[in-house]
Amino acid sequence: MKDLHHLSARELNAAFLKGELSAVKIVETFLSRIEAHDKQIGAFLSTLAPRALLKAESLDKKRSQNLPLGKMAAIPVAIKDNMHIAEEITTCGSKFLTNYKAPFSATAVRLMEEEDAILIGKTNLDEFAMGSSNENSAFFPSKNPWDLSSVPGGSSGGSAAAVAARLSPIATGTDTGGSIRQPASLCGIVGFKPTYGRVSRYGLVAFGSSLDQIGPLTATVEDAALTMEVIGRNCPYDATSMDLPTESYPLSPQLEEGTVIGVPWKFLDQLKPEIKENFTQSIEVMKSLGAKIIEVDLDILKYSIAVYYIIATAEASTNLARFDGIRFGVRSKEAKNLEEIYEQSRKDGFGREVKKRIMLGTYVLSSGYQDAFYRKAQKVRTLIIDAFEKAFSNCDAVMMPVATSGAFKSGAIQDPVEMYLQDIFTVSANLAGLPAISVPSGYDSKGLPLGTQILGPQMCDVAVMQYAYCYEQASKHSRIPGGYE
Ligand code: GLN
């Protein structure tokens, strides 16, 4: 048998069910890998060793008594630290929330626990999930296991780094503008952003409520599918949760005959040569599987960054109003009256990027500017949705790169606009609520991973996963970074 940490989540589960591995052995192995490697990587903000071992022991007992076991039995899962686990601290990567103990678990977390997944730790993120590099975490930046001097992407960079270095077979992420797909691409793993409303946002600390989705980061498409079968459920506590039956994700390496893939070549005009070459190769793979490739017009996506950073900051400014040192957040000790408590606590508690976004969001919503910015952005958002609808009337899926480059060096991007432009290929799926996946597609000239992106119409999560599986099986780019084998 392969080394335990080389096994996919499905393989771990199968080995556990067959009695080849105990749940305790699985948990101990991953905890000791975290112990050995995470000082350099910084993927985890905390581990949940006692809780994980207790759960593992109970699973071993259940198995020995032949009691029924859940779909994710004995699979360790790392949780991005903006999702609640009952009785554990949720920091959101912010100093402000270091005292916040969650009174309940997020629905997605609860569903995985009910299916006997083992929660192993909480992963690092850009503060309140705002960022593309993990450099905005208030605690420490996560590093890319492929090159410790490069970023793992963001904001779910801790989760992506954890899976890439096999410190956990599965991690959850959240994607408001690309935060699952971009770090997955930069770390050489799979990241899936479901249709808006497919996974409950209950128990996720809100950033941009009309954009946020929880989804899996995994080493294989099969593991992403397995996670979606568990967390893709209707939930009464989230008003935007879709009232649809839970789906299963049957995967076949054969692409369905007549599949048409749309590529927005004109919009992709400015790609760096090595990204273009890598992307063209991934299109060739789909062609070799029998897909018909057509050009679709998504030129409007050139406005998507402007639209996203107006809508996301507007929503963030209202969502983050609850962190005031009274209802939530560490209260400033120096403040002498109520006004000062609000002011000082927010000043001390929030980092620079978060403050900037609250100010920007407040500005675009303020009277006199609302029409010029916020409402206009909403109108362009509708045009983006329409453009996708039109594209999908001619094709089954759209493909584009995930990121404008492979992982960049820590500290290399200082200009905020340059950083925001990193999200040019990802934010549109959030604006239009579409399912989209990042799958490893090869390496850049520095040997760092790249990903390709497949997007589908709303609710076509199963189809997107299936296309990604075909691509993955035909291309087989994923491997473990050197030093972590
Ligand atoms: N990088 C984007 C931002 O900073 C996306 C973040 C996310 O998806 N959480 O807003």
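Values below: every heavy atom of this structure, side chains too, minus hydrogens, waters and symmetry copies. Keep in mind the model is a prediction, meaning the values are calculated, not measured. Indexing begins at 1, ligand by ligand and atom by atom, following the structure's order.
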Does NZ or CZ of R479 come closer than 6.0 Å to the centre of the six-membered ring of Y443, within 45° of the ring's axis?
-> yes
Should the pair Y484 and H37 be assigned to parallel (<30°), tilted (30 to 60°) or perpendicular (>60°) ring geometry?
-> perpendicular
With under 30° as parallel and over 60° as perpendicular, where do the rings of F350 and F96 fit, or are they tilted in between?
-> perpendicular
Aromatic ring centroids of F207 and F128 under 6.0 Å?
-> no
Number the atoms of ligand 1 from 1 as they appear, then name those within less than 4.0 Å of a heavy atom of G178, with their elements.
-> 8 (O)
Ring centre gap for H84 and F104 strictly below 6.0 Å = yes
The answer for which part of A129 has a heavy atom under 4.0 Å from ligand 1 is both
Using heavy atoms and a threshold below 4.0 Å, how should the contact between E353 and ligand 1 be classified: side chain, backbone, both, or neither?
-> neither
Close side-chain approach of N144 to L148, heavy-atom, < 4.5 Å | no
Any side-chain donor-acceptor pair under 3.5 Å between N430 and T176?
-> no
Going by distance only, is there an N or O of K80 that falls short of 3.5 Å from an N or O of ligand 1?
-> no
Numbered atoms and elements of ligand 1 in range of D175, under 4.0 angstrom, heavy atoms | 8 (O)
Atom 3 (C) of ligand 1: nearest protein contact (heavy atom, Å) = Y309 OH, 3.2 Å
Please state whether A312 comes within less than 4.0 angstrom of ligand 1, counting heavy atoms only.
-> no
Test of proximity, G177 against ligand 1: N or O pairs below 3.5 Å | yes
Point-to-point distance, once rounded to the nearest 0.5 Å, from CG of D175 to CD of Q213 = 8.5 Å
Which residue supplies the protein heavy atom nearest to atom 2 (C) of ligand 1, what is that atom called, and how far is it?
-> D423 OD2, 3.1 Å
Please work out whether any backbone atom (N, CA, C, O) or any side-chain heavy atom from C-beta onward of Y420 is under 4.0 Å from ligand 1, and answer side chain, backbone, both or neither.
-> neither
Counting each atom of ligand 1 from 1 as listed, which ones have a heavy atom of S155 under 4.0 Å away?
-> 9 (N)
Decide whether D324 and S345 meet the rule of one side-chain donor and one side-chain acceptor closer than 3.5 Å.
-> no
Does the gap between the ring centers of F425 and F267 come in under 6.0 Å?
-> yes
Residue-ligand contact Q182/ligand 1, heavy atom below 4.0 Å = no
Considering distance alone, does some N or O of T174 sit under 3.5 Å from an N or O of ligand 1?
-> no
Looking at ligand 1, does any of its N/O atoms fall within less than 3.5 Å of an N/O of G131?
-> yes
Output the list of atoms in ligand 1 that are nearer than 4.0 Å to some heavy atom of F207, sorted by atom number.
-> 9 (N), 10 (O)
How far is atom 6 (C) of ligand 1 from its nearest protein heavy atom, and which residue and atom name does that atom have?
-> S179 OG, 2.9 Å
For atom 10 (O) of ligand 1, which protein heavy atom lies nearest, and how many Å away is it?
-> Y308 OH, 2.6 Å
Look at atom NZ of K266 and say whether more than 12 heavy atoms of other residues, nucleotides or ligands are closer to it than 6.0 Å.
-> no
